[in-house]
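Both backbone and side-chain heavy atoms feed into the values below; hydrogens, waters and symmetry mates do not.
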Amino acid sequence: MPYADSDGTVIFYERHGSGPAILFVHGSGGHHAAWWQQVAALRAEFTVLTMDLRGFGQSDPRARPAAGSGAGRREFDGQDFPGDVVAVLDQEDLTDVMVVGQSIGSVAALRAGLLRPERVSSVVLGHSLGGIRHPELTELAAADRAEAVKLPVIDRLLTRRFQRERADLTFLFQQMGTFNTAKMQDLRNLDTDGPSLEDIQSSGVAVAFLAGEKDAVLGVRTVIRAHELLPGSHLEIVPGAPHSMYWEAPDAYNTAVARLRRTLTAQPTTRKEAV
């Protein structure tokens, strides 16, 4: 089982298949095993890497003492998560990697790409704006969240039809989070001081927005607006798909990811050199 060292924290990851590389970064309720439907479908054509951010899955479950808590309550710092992604990239010594984030994991994915543009050719922001710092996008995303919190958590993530018809996979989906030590609140400050549109453009890292038409957390209109504001970005909207598209609609999700990986393969003659 491979491990990477992220500034003294042990990060678990797996590598499958061969070919152009895709690294998946899970969201707040996931870990490396959440990508089981992606690994099986994509490893014949691509090198597929999955990982656990600190406090998730099999990565180091230890957190720092909370400020002013002495030996009491401990907490994770979301600002450390991009470094966990970078640790895996460096450990495997890969280039031309497409990093795919799911939900808030996209924030860590984008920051990692900007930290290692010599390794990351593209970042796919799945159901997320990646923490981009822009006043209009911040306002739109906040309005979407205000509507989302009116729903039960499971209804934000999976369609009610899927919950009725696939009670087994819905139960497994809910169980995934029970293997984690870190909680949603540990990821919230990932959005603090996010990259600007100019930061992304100057990095040379290609960005794609991947969204589901029925995403109850982040509206399609918001994603489309982000795409419009980021010149050169790519956009994939999957009809009928929810926030957790990778789980509920894996065939459509895998098709979109594979298409983006083929499209966003680095072109040495046009891509900016890292400095």
Side-chain angles (χ1 to χ4, degrees), residues 25-31 34 37 53 55-56 75-76 78 81 100-110 124-194 208-230 235-250 252-253 256:
V25 184
H26 61 77
S28 61
H31 47 73
Q37 297 178 100
L53 297 169
F56 291 81
E75 62 185 15
F76 293 90
F81 294 137
V100 181
Q102 167 60 23
S103 191
I104 202 164
S106 294
V107 183
L110 180 57
V124 177
L125 305 179
H127 309 274
S128 172
L129 301 183
I132 295 173
R133 188 175 73 252
H134 188 278
E136 181 183 350
L137 295 179
T138 298
E139 184 176 340
L140 289 172
D144 289 342
R145 282 195 298 271
E147 291 301 311
V149 296
K150 298 176 182 178
L151 300 172
V153 173
I154 191 64
D155 289 349
R156 303 174 205 170
L157 307 177
L158 301 172
T159 65
R160 290 185 177 179
R161 178 177 178 178
F162 182 81
Q163 294 175 54
R164 290 194 307 269
E165 296 180 355
R166 294 307 310 264
D168 53 348
L169 287 181
T170 299
F171 177 76
L172 181 59
F173 178 84
Q174 293 173 303
Q175 291 299 302
M176 281 286 172
T178 65
F179 293 90
N180 301 328
T181 302
K183 305 300 180 185
M184 178 64 185
Q185 57 265 32
D186 296 313
L187 284 82
R188 291 192 186 280
N189 72 333
L190 265 172
D191 280 341
T192 304
D193 297 325
F209 296 94
L210 176 58
E213 181 189 27
K214 291 188 176 181
D215 191 334
V217 177
L218 185 67
V220 169
R221 291 182 181 179
T222 299
V223 177
I224 292 174
R225 184 57 182 149
H227 166 60
E228 292 172 345
L229 289 169
L230 183 58
L235 177 65
E236 290 268 350
I237 298 176
V238 177
H243 187 73
S244 298
M245 184 196 334
Y246 72 99
W247 188 273
E248 179 171 332
Y253 181 88

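In this structure, CG on Leu235 lies 11.0 Å from CG on Leu125, to the nearest 0.5 angstrom. Between Asp215 atom CG and Leu157 atom CG the span is 9.0 Å, to the nearest 0.5 Å. Here the CD-CD distance, from Gln37 to Glu248, works out to 10.5 Å after rounding to the nearest 0.5 Å. Here the CG atom belonging to Leu229 is positioned 9.0 Å from the CD1 atom belonging to Ile132, to the nearest 0.5 angstrom.
By the neighbour-count criterion of 12 heavy atoms within 6.0 Å, atom CD of Gln174 is densely surrounded, having more than that number from other residues, nucleotides or ligands.
Looking only at side-chain heavy atoms (C-beta outward), Arg166 and Asp168 come within less than 4.5 Å of each other. Residues His31 and Asn180 have side chains in contact (heavy-atom distance under 4.5 Å, counting atoms from C-beta outward). Residues Leu169 and Trp247 form a side-chain contact, since some pair of their non-hydrogen atoms from C-beta on lies under 4.5 Å apart.
Distance alone, capped at 3.5 Å, is enough to place a donor-acceptor pair between the Thr178 side chain and the Gln175 backbone. In terms of modelled atom types and a separation under 3.5 Å, the side chain of Ser106 and the main chain of Gly101 share a donor-acceptor contact. Gln163 places a side-chain N or O within 3.5 Å of a backbone atom of Leu158 that can act as its donor or acceptor partner.
Summarising the geometry of Ser128 relative to Val107, their closest heavy-atom pair is OG-CG2, 4.3 Å, with the distance given to 0.1 Å. Residues Glu236 and Ala256 approach most closely at OE1-CB, 4.0 Å, considering heavy atoms. The nearest pair of heavy atoms linking Met245 to Ala211 is CE-O, 3.7 Å. Closest heavy-atom contact between Pro242 and His127: O-CE1, 3.1 Å. Minimum interatomic distance between Ala216 and Ala148 (heavy atoms only, all atoms of both residues): O-CB, 3.2 Å. Nearest heavy-atom pair across Gly219 and Asp144 is N-OD2, 2.9 Å.
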Quiz item: Yes or no on side chain to side chain contact (heavy atoms under 4.5 Å, CB included) for His243 and Arg156, after CA distance, side-chain angles and deciding distance?
Solution: CA-CA 7 Å; His243 187 73; Arg156 303 174 205 170; over 6 Å; no
Quiz item: Could you go step by step and tell me if Ile224 and Ile237 meet the side chain to side chain contact (heavy atoms under 4.5 Å, CB included) rule?
Solution: CA-CA 9 Å; Ile224 292 174; Ile237 298 176; 3.7 Å; yes
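With sequence neighbours left out, Phe162 forms a ring pair (Phe, Tyr, Trp, His ring centres under 6.0 Å) with no residue at all. Under the rule for a side-chain contact (heavy atoms from CB on, under 4.5 Å), the partners of Ala226 that lie at least two apart in sequence or sit in another chain are Leu129, Leu137, Phe209.
Here the rule is salt bridge (charged side-chain N to carboxylate O under 4.0 Å, His left out) with Asp155, and of Arg160, Arg164, Arg161 only Arg160 fits it.
Ring pair Phe81/Phe56 is perpendicular by interplanar angle, where above 60° counts as perpendicular and below 30° as parallel.
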